[in-house]
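These numbers were taken from a predicted model, which means no experiment stands behind them. Lettering of chains follows the sequences in order, A, B, ..., and the numbering in each one begins at 1.
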Amino acid sequence: MGDIDTGTSSGTDFIREAVAADLAQGKCVEVHTRFPPEPNGWLHIGHAKAISIDFGVAESFHGKCNLRFDDTNPEKEDESYVQAIKRDLKWLGYDWEGREYFASDYYERLYDLACGLIRKGLAYVDDLDEDQIKEYRGTNVPDKSNITFTPPGKNSPYRDRSVGENLDLFARMRAGEFADGSKTLRAKIDMASPNLHMRDPVMYRIRREPHYRTGDKWCIYPMYDFQHPLSDAIEGVTHSLCSLEYEIHRPLYEWFIKNCEVFPSRQIEFARLNLSHTILSKRSLIQLVREKKVSGWDDPRMPTIAGLRRRGYTPEAIRDFVTRIGIAKTDSLVDIQLLEHCVREDLNRKADRYMAVLRPLKLIIDNWPEGKTEMLSAVNNPENPEGGSREIPFGRELFIEKDDFREMPPPKYYRLFPGNQVRLRYGYIITCTGFDKDPVSGEISAVHCTYDPQTRGGDAPDNRKVKGTIHWVSKDTAVEFKARLYDYLFEAERPTDVPSGQTFLDNLSDHSLEEIDCAFAEPAVKSVLVGQTIQFERLGYFCKDLDSQESGKAVFNRTETLRDTWAKIEKKNQQQ
RNA sequence: UCCCCGGUUGUGUAAUGGUAGCACCGCAGACUCUGGAUCUGCUUGUGGGGGUUCGAAUCCCUCCUGGGGAACCA
């Protein structure tokens with residue numbers, strides 16, 4: 001067992017410990033897991049955690065992980081979701097090695113297994129309707145939050161039908177002889193069980209709804225609790241890892257394995273991911289899409305894998321994040337700043353640097369010869385010596401960031417203000433000599449300065465210390481682009497925490513997206529590819545969006561800002 | 001409080017009867033041609049009360065507290 005890597009790269013955790021124990025005790029000889037998405041929505045960062053566990057645990061023990069679509073609810077599922085899920089899984093870098101399965105492919109075997117249970121006297125066809133089932137189960141109460149005691153249920157009057165009658169009725173259910181909802185197949189377990197899931201759970205229901213894969217071949221569909229353990233068994237899954245809400249289903253999971261006499265898989269539950277300022281329920285995510293609160297599943301503000309990708313996140317950053325958060329059974333809320341840290345760390349190493357100005361302010365170098373242009377050399381990525389360098393045009397008129405000039409500098413401000421010296425990144429050291437103000441609006445229309453010819457490239461021969469370095473773009477060669485600046489979709493740390501009568505939609509931020517139509521960048525950005533994430537120096541990481549036009553304006557989505565120490569100082573200044 | 005599962009610095013996660021550690025956040029400083037990066041240092045924690053033990057985050061009891069469950073969804 002010494003050669004088994006219990007997770008040096010991803011740490012150890014209670015699941016890996018349990019799996020290692022099973023192996024040591026001979027309960028299984030190999031490890032086989034599965035990732036079982038229902039194709040009714042796109043993958044999000046919470047799935048990434050589950051995927052990391054399913055694939056990661058298998059990998060730790062040199063085992064396998066299947067991809068299985070848990071598609072037994074024809075009302076919600078669709079082929080487009082299958083495609084989206086596969087695409088995102090691949091992009092994240094996971095490989096199911098062709099083991100791509102569908103629960104809907106098991107319908108025939110599942111049906112046989114159900115008949116087997118009937119023959120053993122452990123399943124029966126019930127004529128009770130939905131409300132009656134609840135009533136008999138003892139759970140048909142108006143206010144669930146006010147229950148102090150759950151009485152035992154009582155048996156359905158149809159519970160003791162003969163095996164022959166049940167077999168016949170079940171076959172006729174399949175044949176379409178009965179109306180939707182008029183009959184169900186139920187497991188005969190224990191109507192007095194304190195675990196409500198054991199009170200004769202429904203195994204099959206009648207639903208005339210075309211399925212995206214089986215069409216109208218079936219009008220009865222198996223329920224999750226019956227289908228899941230058996231699908232796991234069919235695939236030889238040894239460890240069925242799922243989230244905490246299935247914990248209470250585990251006795252049922254084990255009941256079906258035992259009574260169907262199939263390959264036993266062990267279900268182990270872990271806490272699902274909760275992320276601050278984010279909503280991760282598929283139901284809510286689909287609502288944001290349908291009600292057009294966002295532009296789609298891949299809106300860069302969405303916590304979906306596709307949204308994060310379009311935002312500029314890398315698979316490496318996402319995978320790093322989901323391994324850093326660990327695995328436990330504690331219900332927790334992970335600070336989204338950890339995710340942000342992970343992208344910054346990854347992108348800092350990988351992203352090429354460029355200069356761009358989001359809110360342009362004209363800077364005129366009064367002692368620079370009219371019409372003269374110079375090319376200056378700039379390093380592409382200071383974190384990567386092999387990244388090379390590029391040339392940037394420099395001239396008499398530049399754009400600088402509005403925020404980099406102040407008429408009256410606040411404390412600790414060491415950018416441009418009258419009389420102050422500042423370095424233009426990769427350019428010259430300049431001294432601010434004045435500024436033009438629009439007499440009507442009071443707005444500053446241009447800043448004037450002189451440059452020191454001795455400081456070409458930014459180095460001062462006299463080694464004088466210049467505290468501030470600001471970015472710039474040469475006016476004549478500037479490339480215009482559109483920038484989309486994103487903020488949290490929800491300002492609240494827990495978007496679902498709302499006063500009664502409100503929903504998470506009431507928590508939607510009104511400034512989660514700011515569009516800047518006319519920003520300027522250095523000419524070299526023309527070579528940036530759609531989907532590529534770069535850094536605009538001092539501003540943050542930006543990803544070229546697919547909305548960019550071939551020969552027209554490029555669109556850049558801001559992935560994240562850089563860590564902004566000045567913003568903190570400024571905030572503190574304001575508080576004082 | 002009918003059933004199930006949890007509670008370790010602000011957040012997340014280790015420590016499996018033997019020095020409560022790591023990461024993020026935050027704070028301070030060093031360095032820096034990105035107020036970025038990097039480096040150094042720092043603050044804050046075992047929910048409460050009892051018990052077992054030489055020794056308890058860990059085992060036991062009890063209280064408190066959080067989450068989940070009662071779909072012909074998964």
Side-chain angles (χ1 to χ4, degrees), chain A residues 11-14 17 36-38 40 70-73 75-77 126 128-130 133-134 137-141 144 147-153 180-186 193-197 199 201-207 220-221 223-225 227-228 242 244-251 269 271 276 282-283 324-335 337-342 344-345 348-349 353 355 379 382-383 412-415 423-427 429 455 457-460 466-471 535-540 561-570:
Chain A
T12 190
D13 52 77
F14 77 97
E17 279 170 15
E38 184 188 9
N40 67 345
D70 230 343
D71 54 354
T72 51
N73 183 0
E75 287 168 272
K76 292 182 177 168
E77 297 150 6
D126 195 2
L128 258 28
D129 68 24
E130 212 170 329
I133 285 179
K134 281 181 190 165
R137 204 176 256 152
T139 58
N140 200 10
V141 281
K144 288 172 189 163
I147 294 181
T148 53
F149 170 65
T150 307
D180 286 12
S182 63
K183 282 182 169 47
T184 57
L185 182 71
R186 291 232 253 165
S193 172
N195 182 343
L196 283 332
H197 293 279
R199 320 249 265 221
V202 171
M203 293 165 57
Y204 273 89
R205 59 200 167 123
I206 305 173
R207 201 83 257 269
I220 57 170
Y221 291 95
M223 304 294 293
Y224 170 86
D225 285 312
Q227 170 270 123
H228 206 89
C242 60
L244 245 31
E245 68 259 40
Y246 293 103
E247 202 162 30
I248 201 156
H249 295 243
R250 200 193 320 136
E269 312 85 10
S276 66
K282 256 200 261 188
R283 196 189 124 273
R324 282 203 209 201
I325 56 175
I327 309 170
K329 295 184 74 164
T330 319
D331 183 57
S332 60
L333 181 69
V334 176
D335 192 337
Q337 287 186 98
L338 179 60
L339 214 211
E340 294 166 4
H341 167 83
C342 290
R344 288 194 182 109
E345 191 177 70
N348 176 51
R349 280 184 292 117
R353 271 64 165 170
M355 285 204 285
V379 173
E383 302 294 320
K412 290 183 188 161
Y413 186 87
Y414 44 82
R415 304 177 189 179
R423 176 172 27 239
L424 293 171
R425 179 77 158 153
Y426 297 122
I429 292 174
T455 58
D459 294 309
V466 177
K467 197 89 165 109
T469 297
I470 64 173
H471 60 276
Q535 183 192 108
F536 284 140
E537 294 217 17
R538 301 214 304 137
L539 296 175
T561 60
L562 261 23
R563 265 186 78 234
D564 195 346
T565 309
W566 168 243
K568 284 178 199 164
I569 296 170
E570 213 179 17

Between [N] and [M], how many Å separate the two [atom1] atoms, rounded to a whole number?
| N | M | atom1 | answer |
| --- | --- | --- | --- |
| B/A20 | B/A57 | C1' | 8 Å |
| B/U44 | B/U8 | C1' | 13 Å |
| B/A28 | B/G36 | P | 13 Å |
| B/A14 | B/A23 | C1' | 11 Å |
| B/U46 | B/U9 | P | 7 Å |
| B/A15 | B/G21 | P | 14 Å |
| B/C5 | B/C59 | P | 14 Å |
| B/U1 | B/G66 | P | 13 Å |

Determine the minimum heavy-atom distance between [X] and [Y], stating which atoms define it.
| X | Y | value |
| --- | --- | --- |
| A/Met223 | A/Val202 | CG-O, 3.2 Å |
| A/Arg344 | A/Arg563 | NE-N, 3.9 Å |
| A/Glu77 | A/Asp70 | OE2-O, 3.6 Å |
| A/Thr72 | A/Tyr221 | O-CB, 3.8 Å |
| A/Glu75 | A/Arg207 | OE2-NH1, 2.8 Å |
| A/Thr455 | A/Ala460 | CG2-CA, 4.0 Å |

Starting at atom [atom1] of [X], determine the distance to atom [atom2] of [N], rounded to an integer number of angstrom.
| X | N | atom1 | atom2 | value |
| --- | --- | --- | --- | --- |
| A/Arg423 | B/G35 | CZ | C1' | 13 Å |
| A/Glu537 | B/U32 | CD | P | 18 Å |
| A/Lys329 | B/A14 | NZ | P | 13 Å |
| A/Glu340 | B/A23 | CD | C1' | 16 Å |
| A/Asn195 | B/C4 | CG | P | 9 Å |
| A/Leu196 | B/A71 | CG | P | 8 Å |
| A/Gln535 | B/G35 | CD | C1' | 13 Å |
| A/Arg250 | B/C5 | CZ | C1' | 9 Å |

Of all residues at least two apart in sequence or in a different chain, which pass the side-chain hydrogen bond (donor to acceptor under 3.5 Å, both in side chains) check with [X]?
| X | value |
| --- | --- |
| A/Asn40 | A/Glu38, A/Lys282 |
| A/Thr469 | A/Arg423 |
| A/Glu269 | A/Arg250, A/Gln267 |
| A/Arg538 | A/Asp404, A/His471 |

Base, sugar-phosphate, or nothing: which does [X] touch, judged by heavy atoms less than 4.0 Å apart?
| X | answer |
| --- | --- |
| A/Glu269 | nothing |
| A/Thr72 | sugar-phosphate |
| A/Leu128 | base |
| A/Ile470 | nothing |
| A/Asp459 | base |
| A/Pro382 | base |
| A/Glu130 | base |
| A/Glu247 | sugar-phosphate |
| A/Asp129 | base |
| A/Met355 | nothing |

*Looking at residues at least two apart in the chain, or sitting in another chain, which of them share a salt bridge (charged side-chain N to carboxylate O under 4.0 Å, His left out) with A/Glu345?*
A/Arg324

Nucleotide of [options] approaching [X] most closely (side-chain heavy atoms):
| X | options | value |
| --- | --- | --- |
| A/Pro194 | B/C3, B/U32, B/C5 | B/C3 |
| A/Leu562 | B/U34, B/G6, B/A71 | B/U34 |
| A/Lys568 | B/C27, B/A71, B/U34 | B/C27 |
| A/Arg415 | B/C72, B/G68, B/G35 | B/G35 |
| A/Tyr224 | B/C4, B/G35, B/A74 | B/A74 |

Collect all protein-nucleotide pairs involving nucleotides 15-17 of chain B in which both atoms are nitrogen or oxygen and the distance is under 3.5 Å.
residue : atom : partner : partner atom : Å
B/U16   : N3   : A/Glu17 : OE1          : 3.3
B/U16   : O4   : A/Glu17 : OE1          : 2.6
B/U16   : O4   : A/Glu17 : OE2          : 2.2

_5'-most by nearest nucleotide on RNA chain B - A/Ile206 or A/Tyr426_ = A/Tyr426

_Pairwise 5' ranking along RNA chain B for A/Tyr414 and A/Asp71, keeping only the more 5' one_ = A/Tyr414

At a cut-off of 3.5 Å, list every protein nitrogen or oxygen paired with a nitrogen or oxygen from nucleotides 29-31 of chain B, distance to 0.1 Å.
none

*Using a 4.0 Å cut-off on protein heavy atoms (strictly under), produce a 5'-to-3' string for nucleotides 37-47 of chain B with B for base contact, S for backbone-only sugar-phosphate contact, and - for none.*
S----------

_Nucleotide-resolved protein contact map, nucleotides 7-12 of chain B, B/S/- at heavy-atom distance under 4.0 Å_ = ----SS

*Check side chain to side chain contact (heavy atoms under 4.5 Å, CB included) between A/Glu17 and all other residues, then give those that pass, not counting sequence neighbours.*
A/Thr12

*Residue list, ring-ring contact (aromatic ring centres under 6.0 Å, His included) with A/His341, at least two apart or on another chain*: none

*Indicate the ring-plane relationship of A/Trp566 and A/Tyr413, choosing parallel, tilted or perpendicular according to the 30° and 60° boundaries.*
perpendicular

_Check this one for me: any side-chain N or O of A/His197 less than 4.0 Å away from OP1 or OP2 of B/G69?_
no

*asked:* Can a donor-acceptor pair be found, under 3.5 Å and without considering hydrogens, that links the side chain of A/Asp335 to the backbone of A/Ser276?
replied: no

*What pattern of brackets, bars and dots sums up RNA chain B from 5' to 3', given Watson-Crick or G-U wobble pairs under 3.5 Å, [ ] for crossing pairs and | for another strand?*
.((((((..((((....[..)))).(((((.......)))))....(((((..]....))))))))))).....

